[in-house]
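Quick one: this structure, given as structure tokens, is what I'll be asking you about.
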4 protein chains.
Amino acid sequence: MSGSSRGPNDPGRRDRIIEAALDVIAEHGVRGATQRRIADAAGVPLGSVTYHFEGGQELLVEAFTRLAETVSARYREPLEAAETVEEARAAVVEIICGGSVWGSPRELVLSYELYAFASRNPALLDVIRAWMAASRASLSRHFDARTARALDALVEGLSIHNSMDAEPMSRQDVAAVVRAVSS
Amino acid sequence: MSGSSRGPNDPGRRDRIIEAALDVIAEHGVRGATQRRIADAAGVPLGSVTYHFEGGQELLVEAFTRLAETVSARYREPLEAAETVEEARAAVVEIICGGSVWGSPRELVLSYELYAFASRNPALLDVIRAWMAASRASLSRHFDARTARALDALVEGLSIHNSMDAEPMSRQDVAAVVRAVSS
Amino acid sequence: MSGSSRGPNDPGRRDRIIEAALDVIAEHGVRGATQRRIADAAGVPLGSVTYHFEGGQELLVEAFTRLAETVSARYREPLEAAETVEEARAAVVEIICGGSVWGSPRELVLSYELYAFASRNPALLDVIRAWMAASRASLSRHFDARTARALDALVEGLSIHNSMDAEPMSRQDVAAVVRAVSS
Amino acid sequence: MSGSSRGPNDPGRRDRIIEAALDVIAEHGVRGATQRRIADAAGVPLGSVTYHFEGGQELLVEAFTRLAETVSARYREPLEAAETVEEARAAVVEIICGGSVWGSPRELVLSYELYAFASRNPALLDVIRAWMAASRASLSRHFDARTARALDALVEGLSIHNSMDAEPMSRQDVAAVVRAVSS
DNA sequence: AATGAATGAGATTTCATTCAT
DNA sequence: GATGAATGAAATCTCATTCAT
């Protein structure tokens, strides 16, 4: 009975492949995210990728879905913790300036890849819409619908520009803009 | 004798290939932008692509550079035409809601691909920075630096979200947000 | 059920490709030794060549290494069989004139290709040096070091010239020269 | 009348291409001797190579023919200058050990390429035979036919081995072998 | 005569997928 | 269930040659 052949010997493997896929996409882009590279990054044999995922498309969809969920969760937390409008504004500033949501350039780069990829993939477009809806729902606990939407867009735009600018906008200026939009 | 479009004399060919590359990227993504597809889209033989461009990377860089210049120009025009702050605000609203800058989903999709691609290509990062600087310069004719930056980010964020939302933010609401940020 | 030569189980395939490579080099030169031709000669699909060898360079190096080992072994045998100096001289003459070492023009032609190729490949230069050292070691069982070296060079030079001359040097004359060098 | 279009503007160009071809073969092998590389090495446009030579084969044949003539001439001179047998022996030793004939590894490497290439090119085989005949004729002024042939082979073999050995045979030893063969 | 542009053929390489075990 | 071997398709790249000027 030693070494049973029933059941997965490595239950976390599927997850590891998904995480590795995101790493590879961040480093090489969707274009360079070949199954072999993903397998290497995950430390599993190539056949394992084909075994766990029916084609490369499926793996990409799952990876991006996970990305959206992860980032979305990190977005929601500080907003749900806020109890006053003032705290909510501070949370928005933190999301834009702090490293808590877009922890590293990694997530932001991945989001560009996601947007590009989702343009041709309806399933992922739905994932993005759900993500956006969740973000706005969190904001709506503190702001009216239109302001929530505007703040959400502001987070998006400032995050992108800050990541590309030589010097990002100061936290103080971000706070001023957030206040202007939300009052 | 009337200018055949083939043979040794086709001075616009290089340009046509670049335009075709953008079309193919918009339709199939950077991942699907193979040289053969680009050649077919441009109506030139495959060898012509490798003749005019030293490898696929160079072609992508040139194509994205052209994209940035084109979109940047379309962004600048309405702002430079504006003569009062009020007109400038209207121009910003038009850029976000109208079809003049992001004429079609095409340009927006291409910009996602560009952001993703530029993350791994310093030369293109510089192109993007120049684009952003030009946009802000146009805005700075009417607004102070911080506001210019904020509006630029707002354009980015709202454009993206509007393109993905089932129903985009109304022009009226956009105008309200623009006014809030710029006063 | 009788061992099909295809499918996932063909352990000799790597070897067959190497042999085929030597055949193709002999017939078409290193210049004409394309992977497709080698694959055809080995009776395997093209993909199989790239699967077993990391690039064409590796295949060439392995093929030439095998050539050196094969020819070297054939060189050594008659010399190790010899028990007297007289028999050793006869063995040298046999190596030069008989078909035992340079069985066919094939091996000699291959050795030109090897020398040319090794000029730009340190690993193969080492293989050749080992080959030469082995040859001299065999000769040194019967002759002093300097004579061994001279005889080895003589074998080389006469083999080459005989293969290109319209009429090779007679066995009798070869024997005389060998005697002159080794006394 | 300035810049007449009649007649070749650059009469030495054909020669320069041939020399460049030998340089490229020495550096990259016949396999790497592409017309583009040769054109670059000669400092002429690519079209010029096709213009002066009907196909790459012709260029290679001419280049190797020139090589044979050049090396052959350098071989002949010291032997024709010799007036006694003793001087002739010294000349042979000089050919093997000195840098006068195989001035650099370049010529020797080129000769491997030539031998390999000539195996599949009858015209070049004739060039090699003529070269060998000329060498022997020079030697025959001082030695009998059989000895001439043996010395010629010895030159070949020792040159090759010396070029590959970590340490070449000493001039003194070479002289002893030459004497042994030629007495 | 001479050449740069152009192109088709083909060589190399990469890749997703299949399959036997 | 899991995987290494294997392969065909296709993408990239190289090259000799052709052609209009």
Side-chain angles (χ1 to χ4, degrees), chain A residues 3-11 13-14 31-39 44-59, chain B residues 4 6-11 13-14 31-39 44-59, chain C residues 4 6-11 13-14 31-39 44-59, chain D residues 3-11 13-14 31-39 44-59:
Chain A
S4 146
S5 69
R6 255 180 293 140
N9 302 333
D10 184 359
R13 168 164 296 195
R14 201 166 189 283
R31 180 176 232 193
T34 66
Q35 293 184 202
R36 188 170 298 273
R37 261 206 270 250
I38 292 168
V44 303
L46 171 59
S48 195
V49 174
T50 321
Y51 177 74
H52 285 286
F53 301 89
E54 190 90 0
Q57 194 80 353
E58 179 185 322
L59 172 52
Chain B
S4 136
R6 292 294 155 69
N9 265 347
D10 184 1
R13 168 166 296 197
R14 201 166 187 281
R31 179 175 232 192
T34 67
Q35 295 179 205
R36 184 172 299 276
R37 260 207 270 250
I38 293 168
V44 302
L46 172 60
S48 197
V49 174
T50 23
Y51 175 72
H52 284 286
F53 300 89
E54 192 109 348
Q57 194 80 351
E58 179 184 322
L59 172 52
Chain C
S4 135
R6 292 291 157 71
N9 264 348
D10 185 1
R13 168 166 295 197
R14 200 165 189 283
R31 179 175 233 191
T34 67
Q35 294 180 204
R36 184 171 297 275
R37 260 208 271 252
I38 292 168
V44 302
L46 172 59
S48 196
V49 174
T50 24
Y51 175 72
H52 284 286
F53 300 90
E54 191 109 347
Q57 194 81 350
E58 179 184 322
L59 173 53
Chain D
S4 147
S5 68
R6 255 179 294 140
N9 302 333
D10 184 359
R13 170 165 292 196
R14 201 167 188 282
R31 179 177 231 191
T34 67
Q35 294 185 201
R36 188 170 298 272
R37 260 207 271 250
I38 292 168
V44 303
L46 171 60
S48 194
V49 173
T50 321
Y51 178 73
H52 284 287
F53 300 89
E54 189 90 2
Q57 195 79 352
E58 178 184 323
L59 172 51

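Heavy-atom basis, side chains included; hydrogens, waters and symmetry copies ignored. All chains are named by letter (A, B, ...) in the order of the sequence lines, taking the proteins before the strands, and each is independently numbered beginning at 1.
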Given DNA chain F, 5'-ward residue of the pair G47(D) and G32(D), judged by closest heavy atom: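 Result: G32(D).
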
Give one of base, sugar-phosphate or nothing for T34(A), where a contact means two heavy atoms less than 4.0 Å apart.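 Sugar-phosphate, no base atom in range.
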
Using the closest heavy atom to pick a nucleotide of DNA chain E for each, name whichever of S48(D) or Q57(A) lands nearer the 5' end.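 That would be S48(D).
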
CG of L46(A) versus C1' of dA5(F): gap in Å, rounded?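 My rounded result for the distance is 11 Å.
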
Just to be sure I understand the rule, does R14(C) reach a base, reach only the sugar-phosphate, or reach nothing, if contact means heavy atoms closer than 4.0 Å?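 Nothing, no nucleic acid heavy atom in range.
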
Between dC13(F) atom P and I38(B) atom CD1, what is the distance in whole Å?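 To the nearest whole Å, that distance equals 12 Å.
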
Once rounded to the nearest 0.5 Å, what's the spacing between atom CD of Q35(C) and atom OG1 of T50(C)?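 Nearest 0.5 Å value for the CD-OG1 distance: 6.0 Å.
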
Given dG4(F), dT3(E), dT7(F), the nucleotide with the shortest approach to the side chain of P45(A):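 In terms of side-chain proximity for P45(A), the closest of dG4(F), dT3(E), dT7(F) is dG4(F).
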
Closest heavy-atom contact between A39(D) and L46(D)?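 Answer, listing the atom of A39(D) first, then L46(D): CB-CA, 3.8 Å.
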
For dC19(E), give its Watson-Crick or G-U wobble partner with both distances under 3.5 Å, or none.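 Paired with dC19(E), as far as the under-3.5 Å criterion goes, is dG4(F).
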
Please name the pair of heavy atoms, one in R14(B) and one in E58(B), separated by the smallest distance, quoted to 0.1 Å.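 Heavy-atom minimum between the residues: NH2-OE2, 3.4 Å.
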
Rounded distance in Å - CZ (R36(C)) to C1' (dG10(E)):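 Checked: the CZ to C1' distance equals 8 Å.
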
In whole angstroms, how far is the P atom of dC19(F) from the OH atom of Y51(B)?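 From Y51(B) OH to dC19(F) P: 16 Å.
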
I need the CD-C1' distance between E58(D) and dT17(F), as an integer number of Å.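 One finds 14 Å between C1' of dT17(F) and CD of E58(D), rounded.
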
What is the nucleic acid contact for T50(A), judged by heavy atoms within less than 4.0 Å: base, sugar-phosphate only, or nothing?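 Contact class for T50(A): base.
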
Search all heavy atoms of R13(A) against all heavy atoms of P45(A) and return the closest pair with its distance.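 Of all heavy-atom pairs spanning R13(A) and P45(A), the closest is NH1-CD, 4.0 Å.
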
Using a 4.0 Å heavy-atom cut-off across all strands, classify R37(C) as base, sugar-phosphate, or nothing.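 Nothing: the residue R37(C), judged by heavy atoms under 4.0 Å, touches no strand.
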
Output the rounded distance in Å from CD (E54(C)) to C1' (dT12(E)).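 The distance from CD of E54(C) to C1' of dT12(E) comes to 13 Å, rounded to the nearest Å.
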
Calculate, to the nearest 0.5 Å, the distance between atoms CD1 and CZ belonging to I38(D) and R36(D) respectively.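 It comes to 12.0 Å.
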
Rounded distance in Å - NE2 (H52(B)) to P (dA5(E)):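 In whole Å, dA5(E) P and H52(B) NE2 are 8 Å from each other.
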
Atom CD of Q35(C) and atom C1' of dG8(F): how far apart are they, to the nearest Å?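 Whole-Å distance recorded here is 15 Å.
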
For dA1(E), which nucleotide is its Watson-Crick or G-U wobble mate, given both distances must be under 3.5 Å?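 Pair assignment: dA1(E) / none.
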
